[in-house]
Asks: 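Submitted below is the structure of interest, expressed as structure tokens.
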Amino acid sequence: MYSASMRESIAKVAATRERRLEEKHPRLTPDEKDALLRGFHPDFREDTQRPVKIGPNAGDSMPHELVNLLEARSVIDPVRPLPEPDLDVDVLVIGGGGAGVAAALTAHELGSRVLLVTKLRLGDANTMMAQGGIQAASKPNDSPVIHYLDVLGGGGFTNKPELVRALTSDAPLVIKWLEDLGCMFSKQPDGTMMSIHGGGTSRKRMHFARDYTGAEIMRTLRDELLNRDVPFIEFCPVLELVLDQEGKCAGALMQNFETGQFLVARARTTILATGGFGRLHVSGFPTSNHYGATADGLIMAYRAGGRLAFLDATQFHPTGVAFPEQMLGQLVTEKVRGVGAQLVNAEGEQFVFPLETRDAVSAAIIRECSDRGKGFATETGQPGVWLDSPMIERIHGPGTVRKELPAMFRQYERFGIDMSQDPILIYPTLHYQNGGIEIDEHGRCPQVANLYVAGEAAGGIHGRNRLMGNSLLDILVFGRRAGRHAAEQAPTVKVGTPSVEHVARFNQEVAAAGLGQASAPILLPDYVGR
Amino acid sequence: MAQPEPELITIYIMGKGYQVPKGLTIMRAMEYAGYRLVRGAGCRGGFCGACGTVYRTRGDYRLKVGLACQTVVEPEMYLTQIPFYPANKATYGLTQLKPNLATLLQLYPELPRCLGCNTCTRVCPQGIDVMDYMARAMRGDIAGVADKSFDCIMCGLCASRCPAEEVQPNVGLLARRLYARYLARPAAHLADRVAEVKAGKFDSDLDRIADMDLAQLKELYNSRDIEA
Ligand SMILES: Cc1cc2nc3c(=O)[nH]c(=O)nc-3n(C[C@H](O)[C@H](O)[C@H](O)COP(=O)(O)OP(=O)(O)OC[C@H]3O[C@@H](n4cnc5c(N)ncnc54)[C@H](O)[C@@H]3O)c2cc1C
Ligand code: SF4
Ligand code: SF4
Ligand code: FES
């Protein structure tokens, strides 16, 4: 599968392997890291962002691709009268990923009438794709306090402290919840959970279920939702939130993806768990995200008055697939580095400590491939550097790659590459939306009453940079918190008449600013004819 | 760098011919041909099982299956997606179950109908020996099923071809949940930590750290010890 020129470079990587076995690349000092990020991280490039002109965050810079949608008109015609509510529930959950299902299960457990609606199938979500692991301070040498400090440092000390506290304090509880639900974490025979480091962790607190951690969590939660007979509707994207006369959230307007029929669900409390924005292909990067990661929730909440936070900080995962072309952008889990693979340039030299934070490793790879000219470019011009996966077998013995990283091994094997014998070519990929809709520690949107946000759609927990393993954690912590609070509040809520007047007003504002040529939410990326 | 002109091949999507560039996955080829996928695409990375596809190439009577997001188109390929398959899933309360053969048989009474035809193993895009884990299920070897079925992405392709109407992915899922809940040892360190959190053991330290200013926090962060 590798071309002759790739083979030449691979030979150089193999030639330095024995030497690198002993070699420890120095960690970046805080100053070096700062300079590296400013010089090479896409967030800091001038041409990638612009200030949004309208709405609650007017004047704040965000990626062009997101601003284009925030400044778009609605996909619905808000002047047309809404259909009568077809569905009337206590708690409406929007999004069938980990955050949404955790929220639905929790609210249902507390006796609420719950409805979950989702755009694709239940579990067609970023959650399903997470391989690496989930953080929690469960070991004796660790604590929620140490975890707190790691999260804060990773986020550049910009995180909302009360959210970090909720995250790290609830973490062991969430893992226990999953263990009780029969989620098959990787364990020692005596029951001790296996745990490893991830970028930016000071303790080995990354718990995992082989390398299908997200899938194992998602299929367990989905099974439980089905077992408990919680109502849900698939292929039913929400197009707009609906508000009552007082501007409080009163449910959502959605559309049957196949028949085109509109539906209104009236709800006492609404939990938005629509995930991230990878499929907007910010700055033209390929993405690791699922098909439905198109920022719909951000757009709807913004029109309803919700504020966004930290959306100028985009997470590029340092190790996206650069070759083969068919896998472009797909994730190479951080665990590959966690178990010993080093990053090396076309000459076979290390250029960064493999477990720096993601922003720093990404910037270092971009620097290696641009300024330093030591990357490898494929025949299609795609740059990349080598991730020396055979080092794993050199350290831990033959067969380790296949055993510890079966998903990765299989992905490459399908395209004729044996990553246990040959290194793999990688380049940063658009991975995670660090920011999102502002929330408080119960998952409430501070600006819109009776609206909750959980999961990747929410912002503030991770500040400007999320550490690996803290997202699977946050979706469950805040999914459960939002589910609980929404269920507890629901009986006290009096819902008024649902309306989309706020959308009509937003459309006028858009038009008055001379914007609104495009419409949003887009629901799916447009790949037709490409 | 200029991209070389792609070589085109003909594929047949539900019987209709389209010219698409060589080397594309089935999913990208359908989009190239003009399809806007709503069903049959989820993760686009081999993890969700949304994109099961049945195909055959001209001149070969054998039907093959694969994931549209992971399978590269071949010349003269006839294909259709199976985005949904009405397979049975038993519902249960995990806490009321016992991890034994009787439970498997009660929830999936069709289990012993397996003919041992090996079709499931041959079609599995994950390379799982499905027939083997089904045989283990029939012996009540729950730990074995859990282990061997672990990489299942629940695409349902095996079930779609099974002459005995078994629903292998759901049997695997049940076994994994039973194993993890009842047969694997619980994590003692986790239970201890949960008790400590609930007892408020870390609250005062968390209060203290919440009151620190940025300089103190940075100092603490930069001097923290890192587990080897
Ligand atoms: C490849 C990959 C690997 C990862 N690895 C890790 C890891 O190892 N550890 C870690 O902690 N994190 C990891 N992450 C991040 C983490 O998986 C995600 O951030 C997290 O799972 C998001 O969960 P969520 O429930 O918020 O969103 P999702 O799981 O993406 O779910 C969102 C759901 O909302 C639906 N939806 C979207 N729009 C609408 C709409 N308009 N109406 C109705 N429904 C809608 C979507 O279809 C989807 O079902 C990874 C992410 C990716 C992509
Ligand atoms: S396809 Fe069905 S009948 Fe054949 S071996 Fe598999 S489970 Fe048994
Ligand atoms: S076991 Fe069946 S459902 Fe699971 S991945 Fe294989 S073919 Fe798909
Ligand atoms: S789209 Fe998820 S496996 Fe193919």
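Residue numbers start from 1 in every chain, and the chains themselves are labelled A, B, ... in the order their sequence lines are given, proteins ahead of strands. Just so you know, these numbers come straight off a predicted model, no measurement behind them.
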Asks: Say you draw a straight line from CZ of A/R165 to CZ of B/F202; how long is it, rounded to the nearest 0.5 Å?
Replies: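 CZ of B/F202 is found 12.0 Å from CZ of A/R165.
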
Asks: Main chain of A/G182, side chain of B/R177: is a donor-acceptor contact present, judged purely on distance under 3.5 Å?
Replies: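 No.
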
Asks: Might you point out which heavy atoms bring A/P140 and B/H189 nearest each other, and give the distance in Å?
Replies: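 Heavy atoms only, the tightest pair is CD-CB, 4.3 Å.
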
Asks: Applying salt bridge (charged side-chain N to carboxylate O under 4.0 Å, His left out), run through B/R181 and A/E179 and close with a yes or a no.
Replies: CA-CA 7 Å; B/R181 162 106 197 176; A/E179 189 190 41; over 6 Å; no

Asks: Heavy atoms, side chains only, cut-off 4.5 Å: are B/R28 and A/Y527 in contact?
Replies: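 With C-beta onward as the side chain, the pair touches.
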
Asks: Considering only NZ, NE, NH1 and NH2 on the basic side and carboxylate oxygens on the acidic side, decide whether B/D147 and A/R210 come within less than 4.0 Å.
Replies: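 Yes, B/D147 and A/R210 are salt-bridged.
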
Asks: Which atoms form the tightest heavy-atom contact between A/M193 and B/A187, and what is the distance?
Replies: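 Taking every non-hydrogen atom into account, CG-CB, 3.8 Å.
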
Asks: List the steps and the verdict of salt bridge (charged side-chain N to carboxylate O under 4.0 Å, His left out) for A/D142 and B/R193.
Replies: CA-CA 10 Å; A/D142 200 357; B/R193 180 51 45 82; 5.8 Å; no

Asks: Go through A/K139 and B/D192 one step at a time and tell me if the salt bridge (charged side-chain N to carboxylate O under 4.0 Å, His left out) criterion holds.
Replies: CA-CA 9 Å; A/K139 297 278 170 89; B/D192 293 348; over 6 Å; no

Asks: For chain A, which of B/Y35, B/Y32, B/Y92 has the most heavy-atom pairs under 4.5 Å?
Replies: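 The residue among B/Y35, B/Y32, B/Y92 with the greatest pair count is B/Y92.
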
Asks: Could you have a look at A/D124, A/V528, A/N227 and say which one has the most heavy-atom pairs with chain B under 4.5 angstrom?
Replies: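 Sorted descending by pairs with chain B, the first entry is A/N227.
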
Asks: Could you tell me whether a side-chain N or O of A/K176 sits under 3.5 Å from a main-chain N or O of B/V194, the two making a donor and an acceptor?
Replies: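 No, because the side chain of A/K176 does not come within donor-acceptor range (under 3.5 Å) of the backbone of B/V194.
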
Asks: Quick one: pull up CZ in B/R224 and CG in A/D150 and give me the separation to the nearest 0.5 Å.
Replies: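 These two atoms lie 4.5 Å from each other.
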
Asks: Looking only at heavy atoms and a cut-off of under 4.5 Å, which of B/A188, B/P21, B/C69, B/A146 has the most pairs with chain A?
Replies: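 Heavy-atom pair counts peak at B/A146.
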
Asks: Let me know if B/K89 has heavy atoms under 4.5 Å from chain A in its side chain, its backbone, both or neither.
Replies: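 Side chain of B/K89 only, per the 4.5 Å heavy-atom cut-off to chain A.
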
Asks: Less than 4.5 Å to any heavy atom of chain B: does that hold for the side chain of A/Q131, its backbone, both, or neither?
Replies: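 Looking at A/Q131, just its side chain touches chain B.
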
Asks: Go through A/D526 and B/R36 one step at a time and tell me if the salt bridge (charged side-chain N to carboxylate O under 4.0 Å, His left out) criterion holds.
Replies: CA-CA 8 Å; A/D526 183 12; B/R36 179 181 189 252; over 6 Å; no

Asks: Examine whether an atom of A/A136 lies under 4.5 Å from a heavy atom of chain B, and if so say whether it belongs to the side chain, the backbone or both; otherwise answer neither.
Replies: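 Neither part, no heavy atoms under 4.5 Å.
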
Asks: Specify the closest pair of heavy atoms between A/R203 and B/E227, including all atoms of both residues, with the distance to one decimal.
Replies: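 Answer, listing the atom of A/R203 first, then B/E227: CA-OE1, 3.4 Å.
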
Asks: Of the non-hydrogen atoms in A/Q326 and B/V72, which two are nearest, and what is the gap between them?
Replies: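 What the structure gives for the nearest pair is NE2-CG2, 3.8 Å.
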
Asks: Measure B/Q126 against the heavy atoms of chain A and call it side chain, backbone, both or neither at under 4.5 Å.
Replies: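 Looking at B/Q126, backbone and side chain both touch chain A.
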
Asks: With a 4.5 angstrom heavy-atom cut-off, which part of B/L94 approaches chain A: side chain, backbone, both or neither?
Replies: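 Only the side chain of B/L94 comes within 4.5 Å of chain A.
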
Asks: Heavy-atom distances under 4.5 Å only: say whether A/K204 touches chain B with side chain, backbone, both or neither.
Replies: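 It is both, since atoms from each part get that close.
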
Asks: Shortest non-hydrogen contact from A/L524 to B/V38?
Replies: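 Smallest heavy-atom distance, with atoms named: CD1-CG2, 4.3 Å.
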
Asks: Should the pair B/R176-A/D223 be classified as a salt bridge under the 4.0 Å nitrogen-to-oxygen rule?
Replies: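 Looking at B/R176 and A/D223, the cut-off is not met.
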
Asks: Please check if the side chain of A/Q411 supplies one atom and the backbone of B/G45 the other of a donor-acceptor pair under 3.5 Å.
Replies: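 At least one qualifying donor-acceptor pair exists.
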
Asks: Against chain A, label B/L214 side chain, backbone, both or neither, depending on which of its atoms sit under 4.5 Å from a heavy atom there.
Replies: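 Side chain only.
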
Asks: Considering only heavy atoms, which portion of B/R208 lies under 4.5 Å from any heavy atom of chain A: side chain, backbone, both, or neither?
Replies: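 Neither; nothing under 4.5 Å.
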
Asks: What part of A/D180 gets closer than 4.5 Å to chain B, counting heavy atoms only: side chain, backbone, both or neither?
Replies: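 The answer is both parts of A/D180.
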
Asks: Short question: side chain of A/R121, backbone of B/A41 - any donor-acceptor pair under 3.5 Å?
Replies: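 Not a single qualifying donor-acceptor pair exists.
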
Asks: For B/V197, is it the side chain, the backbone, both, or neither that has a heavy atom closer than 4.5 Å to a heavy atom of chain A?
Replies: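 Side chain of B/V197 only, per the 4.5 Å heavy-atom cut-off to chain A.
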
Asks: Using heavy-atom distances under 4.5 Å, tell me whether A/R205 contacts chain B through its side chain, its backbone, both, or neither.
Replies: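 Contact with chain B involves no heavy atom of A/R205 at all.
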
Asks: Need one label for A/P30: side chain, backbone, both or neither, based on atoms under 4.5 Å from any heavy atom in chain B.
Replies: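 Contact with chain B is through the side chain of A/P30 alone.
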
Asks: On a heavy-atom basis, which atom in B/L190 and which in A/P172 lie closest, and how many Å separate them?
Replies: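 Of all heavy-atom pairs spanning B/L190 and A/P172, the closest is CD1-O, 3.5 Å.
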
Asks: A/Q188, A/M128, A/K119, A/M327: which one forms the most heavy-atom pairs within less than 4.5 Å of chain B?
Replies: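 The candidate making the most pairs under 4.5 Å is A/M128.
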
Asks: Is B/Y182 in contact with chain A via its backbone, its side chain, both, or neither, using a 4.5 Å heavy-atom distance?
Replies: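 Neither part, no heavy atoms under 4.5 Å.
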
Asks: Between A/F157 and B/Y221 (judged by ring centroids, cut-off 6.0 Å), do the two rings come close enough to count as a pair?
Replies: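 Under 6.0 Å, so yes.
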
Asks: Among B/G93, B/G46, B/P125, which residue forms the greatest number of heavy-atom pairs with chain A at distances under 4.5 Å?
Replies: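 Top count of heavy-atom pairs under 4.5 Å with chain A: B/P125.
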
Asks: Does any backbone or side-chain atom of B/L183 lie under 4.5 Å from a heavy atom of chain A? Answer side chain, backbone, both or neither.
Replies: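 Answer is neither: B/L183 stays 4.5 Å or more from chain A.
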
Asks: Using heavy-atom distances under 4.5 Å, tell me whether A/A125 contacts chain B through its side chain, its backbone, both, or neither.
Replies: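 Contact with chain B: none, neither part.
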
Asks: Should the pair A/R219 and B/F150 be classed as cation-pi, given the thresholds of under 6.0 Å to the six-membered ring centre and 45° from the axis?
Replies: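 The answer is yes, since A/R219 meets both limits relative to B/F150.
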
Asks: Please classify the contact between B/Y179 and chain A as side chain, backbone, both or neither, with a heavy-atom cut-off of under 4.5 Å.
Replies: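 For B/Y179, side-chain heavy atoms alone lie under 4.5 Å from chain A.
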
Asks: Tell me whether A/Y148 contacts the main-chain N or O of B/A210 through its side chain, where contact means a donor paired with an acceptor under 3.5 Å.
Replies: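 Answer holds: no.
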
Asks: At a 4.5 Å cut-off on heavy atoms, which part of B/L206 comes close to chain A: side chain, backbone, both, or neither?
Replies: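 Answer is both: backbone and side chain atoms of B/L206 are under 4.5 Å from chain A.
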
Asks: Just so I understand: if I count every heavy-atom pair under 4.5 Å between each of B/N222, B/I209, B/T25, B/D205 and chain A, which residue has the most?
Replies: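 Most heavy-atom pairs within the cutoff with chain A belong to B/I209.
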
Asks: B/F47 and A/Y212: aromatic ring centres closer than 6.0 Å?
Replies: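 Between B/F47 and A/Y212, the centre distance is under 6.0 Å.
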
Asks: If the threshold is 4.0 Å, N to carboxylate O, is there a salt bridge linking A/R410 and B/D151?
Replies: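 Yes, this pair counts.
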
Asks: Does any backbone or side-chain atom of B/L178 lie under 4.5 Å from a heavy atom of chain A? Answer side chain, backbone, both or neither.
Replies: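 Answer is neither: B/L178 stays 4.5 Å or more from chain A.
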
Asks: Side chain from CB out, backbone as N, CA, C, O: work out which of these in A/E258 comes under 4.5 Å of a heavy atom of chain B, or both, or neither.
Replies: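 The answer is the side chain of A/E258.
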
Asks: Relative to chain B, which segment of A/L149 carries a heavy atom at a distance below 4.5 Å: side chain, backbone, both, or neither?
Replies: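 For A/L149, the contact with chain B is made by backbone and side chain together.
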
